[in-house]
Amino acid sequence: MSELIEGVAAGVPFVAAPPADPDAPAALVAGWHLMDEPSSERAMAEAVPMAGLQAWRVYFGLPLSGARLPEGGPEEVFRRASEDAVLNVFEPVTEQAAGEFPAALAELRDRLPGATGPLGVFGGSAGALVALEVLARGEAVIAAAAVASPLVQLAPMITANERRFGVTYAWTERSRAVAARYDFVDRAAELTAPLLLVAGADDDIAVREPAAALAAKLGAELVTVEGMAHEFPPGTPAAARVDAAFSEWFARRWRG
């Protein structure tokens with residue numbers, strides 16, 4: 001993998017990998033990591049390098065992660081999630097990440113040599129939720145999007161976490177409104193760029209069923225990876241399959 005550039009754009013930490021031909025105009029593909037593995041911008045870059053694309057690949061750090069962990073570190077994030085995962089984690093992370101994207105993108109267009117071509121966005125799990133929200137907002141012209149282990153509907157994921165951690169989430173009027181806002185099967189009409197969804201065959205039904213429903217509603221491309229659950233850590237066969245799917249998808253969109 002080519003050497004990564006590490007920096008901060010408009011307050012957002014990122015790592016970036018240069019295009020295959022650094023002297024030619026390049027697309028820009030920007031995305032967000034998972035809260036599970038790969039759980040940082042560098043880990044996402046290692047898991048899904050998309051090497052060979054004539055594109056700058058930019059991997060943003062999510063709020064409440066990495067350099068932006070709150071005082072108390074991961075334990076504090078877990079504490080906030082245990083109090084109210086929707087209002088303390090999913091909403092602020094998604095809103096901040098989507099909100100800070102336009103300014104970070106504008107700065108990177110200026111800073112990364114040749115990054116004048118089409119824009120793609122991508123993400124995994126919670127990072128996929130950010131990518132879909134960015135796409136739906138329409139604040140940037142996006143030529144293509146790709147999401148893996150995608151969080152397409154928030155409410156089923158909360159139910160899955162209830163099963164996973166043996167807890168009961170206390171829904172409120174406000175948290176139900178947030179979950180309704182983060183229901184991209186319902187908001188499918190707002191997703192106007194070509195979309196690829198990659199789901200693990202062994203992932204929770206809370207991820208697989210909404211992903212299939214969104215793909216059907218949009219007529220989008222859905223790739224199911226056998227042997228993959230939710231995570232795809234760097235160096236694993238699951239990561240290699242996600243990387244291959246993303247790479248082929250974006251290369252095809254740029255050609256088309």
Side-chain angles (χ1 to χ4, degrees), residues 1-2 4 14-17 19-20 27-62 65-66 97 119-135 142-153 157 160 184 191 193-215 218 220-254:
M1 182 177 180
S2 56
L4 294 173
F14 73 90
V15 296
L28 195 157
V29 185
W32 298 266
H33 58 80
L34 293 68
M35 291 181 180
D36 297 298
E37 290 297 327
S39 59
S40 71
E41 56 269 36
R42 183 166 287 272
M44 190 71 168
E46 292 171 355
V48 192
M50 293 181 274
L53 279 185
Q54 185 52 29
W56 281 96
R57 287 92 67 214
V58 176
Y59 305 81
F60 288 117
L62 286 174
S65 74
L119 172 66
V121 295
F122 65 92
S125 190
L129 188 66
V130 175
L132 293 172
E133 178 65 18
V134 165
L135 181 57
I142 296 170
V147 290
S149 301
L151 208 174
V152 165
Q153 289 178 313
M157 180 58 73
F184 286 100
L191 306 176
L195 177 65
L196 169 71
L197 299 107
V198 181
D202 298 338
D203 204 346
D204 195 281
I205 196 169
V207 174
R208 290 184 288 107
E209 282 198 347
L214 180 58
L218 288 174
E221 198 163 317
L222 174 64
V223 173
T224 300
V225 179
E226 296 299 327
M228 174 173 142
H230 195 69
E231 299 183 342
F232 44 96
T236 61
R241 289 291 304 278
V242 174
D243 180 55
F246 278 21
S247 298
E248 191 276 336
W249 170 253
F250 284 119
R252 181 160 30 112
R253 300 313 309 182
W254 303 158

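Bear in mind that the values here come from a model prediction, so they are computed numbers and not experimental data.
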**Asked** Sub-3.5 Å donor-acceptor pair from the side chain of Trp249 to the main-chain atoms of Leu195, do we have one?
**Response**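 Between the backbone of Leu195 and the side chain of Trp249 there is no qualifying donor-acceptor contact (under 3.5 Å).
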**Request:** Examine distances only and state if a side-chain atom of Tyr59 and a backbone atom of Val48 form a donor-acceptor pair shorter than 3.5 Å.
**Result:**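 Yes.
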For the atom pair [atom1] ([X]) and [atom2] ([Y]), what is the distance rounded to the nearest 0.5 Å?
X: Leu197; Y: Leu222; atom1: CG; atom2: CG; answer: 6.0 Å
X: Asp243; Y: Met44; atom1: CG; atom2: CE; answer: 10.0 Å
X: Glu248; Y: Glu221; atom1: CD; atom2: CD; answer: 7.0 Å
X: Thr224; Y: Asp202; atom1: OG1; atom2: CG; answer: 10.5 Å
X: Arg241; Y: Glu226; atom1: CZ; atom2: CD; answer: 8.0 Å

Which pair of heavy atoms, one from [X] and one from [Y], lies closest together, and at what distance?
X: Val15; Y: Ala45; result: CG2-CB, 4.0 Å
X: Pro234; Y: Ala239; result: CA-CB, 4.5 Å
X: Gly123; Y: Ala131; result: N-CB, 4.2 Å
X: Ser65; Y: Gly61; result: OG-C, 4.2 Å
X: Ala16; Y: Val58; result: CB-CG2, 4.1 Å
X: Val198; Y: Ala245; result: CG2-CB, 4.0 Å

**Request:** For the pair Phe122 and Val242, evaluate side-chain contact (heavy atoms from CB on, under 4.5 Å) and give the outcome as yes or no after the intermediate values.
**Result:** CA-CA 11 Å; Phe122 65 92; Val242 174; over 6 Å; no
**Request:** Report yes if the side chains of Met50 and Phe250 come closer than 4.5 Å at any heavy-atom pair, otherwise no.
**Result:**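 They are in contact (side-chain heavy atoms under 4.5 Å apart), so the answer is yes.
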**Asked** Is Met157 close to Val207 at the side-chain level, that is, under 4.5 Å between some pair of heavy atoms?
**Response**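 Val207 vs Met157: side chains touch.
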**Request:** List the steps and the verdict of side-chain contact (heavy atoms from CB on, under 4.5 Å) for Leu196 and Arg253.
**Result:** CA-CA 11 Å; Leu196 169 71; Arg253 300 313 309 182; over 6 Å; no
**Prompt:** side chain to side chain donor-acceptor pair (under 3.5 Å) with Ser125: which of His33, His230, Glu37, Glu231?
**Reply:**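 Between Ser125 and the candidates, side chain to side chain donor-acceptor pair (under 3.5 Å) is satisfied uniquely by His230.
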**Request:** Would you sort out whether Glu133 and Phe184 count as a side-chain contact (heavy atoms from CB on, under 4.5 Å), showing the intermediate values?
**Result:** CA-CA 9 Å; Glu133 178 65 18; Phe184 286 100; 3.5 Å; yes
**Request:** I would like to know whether Leu34 and Phe232 meet side-chain contact (heavy atoms from CB on, under 4.5 Å); could you show each step before the answer?
**Result:** CA-CA 9 Å; Leu34 293 68; Phe232 44 96; 3.4 Å; yes
